[in-house]
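Presented below is the structure to which this report refers.
From a predicted model like this one, the values you see are computed outputs, not experimental measurements. Start at 1 and go down the list; that is how both ligands and their atoms are numbered.
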Amino acid sequence: MKSQGAGVAAGVREIDEYLKLGEVELSERIVEAKRKLGSRVMILGHHYQRDDVICHADLTGDSFKLAQMASRRPEADYIVFCGVHFMAESADILSGAHQQVILPDLAAGCSMADMARLEQVETAWEQLHELGIDSILPITYMNSAANIKAFCGRHDGVVCTSSNAAPLFDWAFKQKEKLFFFPDEHLGRNTGVKFGIPLDRMAVWDPRLELGGNTPEQLENAKIILWKGFCSVHGRFQERHVDDRRAEHPGIKILVHPECRYEVVAKSDLNGSTENIIKTINEAPAGSKWAIGTELNLVNRLANRHPDKLITLLAPDLCMCATMFRIAPENLLWSLENLVDGNVVNQIKVDDETAKYARIALDRMLEIQ
Ligand code: 13P
Ligand code: SF4
């Protein structure tokens, strides 16, 4: 059983007073609050966080690395998660019973994760079994709610991230004939293609329609059933963006996140998770040219860090992930100063039953990967 935060105790600082502070004061007070909390606090930062937040993170990573870190730092009583809700939930599930996870703004969700609700997944699962499709294994992308991860834990399934989808699909195909992948249609399709699965053997399940909008034959023929979900940021990259960047900068390499649509990934030179994108750019020679199809904050940071390389966003008019952006220095300072006062605000707490089964699916991922 996890310890519960103090909740709204007397003396809790209000967020309003922080909204008036200037950049320098915010930064200095964050540094001071961290100093006072010492090793009792660990700040984790996802690569899509803005610069004025990520500069305060003790550890940064993609969603897989952050999950690993949350499971390996028992010394921190508080994990302040600068990322989105599903990441904080996973950190809560994987961290020790004495650790409390804090999300500095509770509105930092993920629109893709919201596209698969447990009732919908359970209905789909029943419909598949009614058709006699029994040799099927559920895999959920990390970008999903804890109860979806728990569903996978209950049904011999697993969680994957964009950095380990291939080894996990490999493992899954050794267990069952078919995979049911949610919520990202595109990561599922891009990974299926790596296994040589033809596009017409990947069915798409639209949760608003009976049998997901498929005939029984289509579902029987499918090797992978892909949930109809997508990332509102990565889903906007188009094939024409690849053509435009190549025309503008001959010799440019196109590097995209596998949440991009299949046609875009197929046209690119390379694809990988955020951690993988960073590694590729770090190792690229001076003078090389890159158009990157991922979140704006990360691309801008890479461009600033590597002035000797040409680095540009794949689609010049795309914006950042709005929910990642909700974690601002104001919220971070507010949560840290409350911790200094002994008040835990915005704790993310997954109920014990859900956490138990979600942990089975997450632990499986950590073991197999
Ligand atoms: P990574 O697993 O690459 O960090 O991606 C997380 C995410 O939300 C991408 O949109
Ligand atoms: Fe979710 Fe897309 Fe934002 Fe990632 S970039 S957190 S998948 S909305």
For [atom], what is the closest protein heavy atom, and at what distance to 0.1 Å?
atom                   : answer
atom 7 (S) of ligand 2 : Asn143 ND2, 3.2 Å
atom 6 (C) of ligand 1 : His46 NE2, 3.7 Å
atom 2 (O) of ligand 1 : Ser63 OG, 2.6 Å
atom 8 (O) of ligand 1 : Asn143 ND2, 3.2 Å
atom 5 (O) of ligand 1 : His257 NE2, 3.3 Å
atom 9 (C) of ligand 1 : Glu259 OE2, 3.0 Å

Exercise. Determine, considering heavy atoms only, which of Cys110, Gly229, Ala322, Ala113 sits nearest to atom 6 (S) of ligand 2.
Key: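 Heavy atom nearest to atom 6 (S) of ligand 2 belongs to Cys110.
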Quiz prompt | Nearest neighbour of atom 1 (P) of ligand 1 from the list Ala67, Ser162, Ala165, on a heavy-atom basis | solution =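 Closest candidate by heavy-atom distance is Ser162.
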Quiz item: Is Ser273 in polar range of ligand 1, meaning some N or O pair under 3.5 Å apart?
Solution: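 No, Ser273 has no N/O under 3.5 Å of an N/O on ligand 1.
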Exercise. Taking the six-membered ring of Phe325 (Phe, Tyr or Trp), confirm whether the NZ or CZ of Arg50 is under 6.0 Å from its centre and within 45° of its axis.
Key: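 That pair qualifies as a cation-pi contact.
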Quiz item: Taking the six-membered ring of Tyr262 as reference, does the NZ or CZ atom of Arg189 fall below 6.0 Å from its centre and within a 45° cone about the axis?
Solution: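 That pair does not qualify as a cation-pi contact.
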Quiz item: Quick one: which ligand 2 atoms are inside 4.0 Å of a heavy atom on Tyr48?
Solution: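 Taking each heavy atom of Tyr48 in turn, ligand 2 has 5 (S) under 4.0 Å.
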Quiz item: Which is it for Glu259 and ligand 2 at heavy atoms under 4.0 Å: side chain, backbone, both or neither?
Solution: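 Side chain only.
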Exercise. Look at the N, O or S atoms of Cys321, main chain and side chain alike, and state whether any lies under 2.8 Å from atom 1 (Fe) of ligand 2.
Key: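 Checking Cys321: none of its N, O or S atoms is under 2.8 Å.
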Quiz item: Is the distance between atom 2 (Fe) of ligand 2 and the nearest N/O/S atom of His234 smaller than 2.8 Å?
Solution: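 His234 does not place any N, O or S atom closer than 2.8 Å to atom 2 (Fe) of ligand 2.
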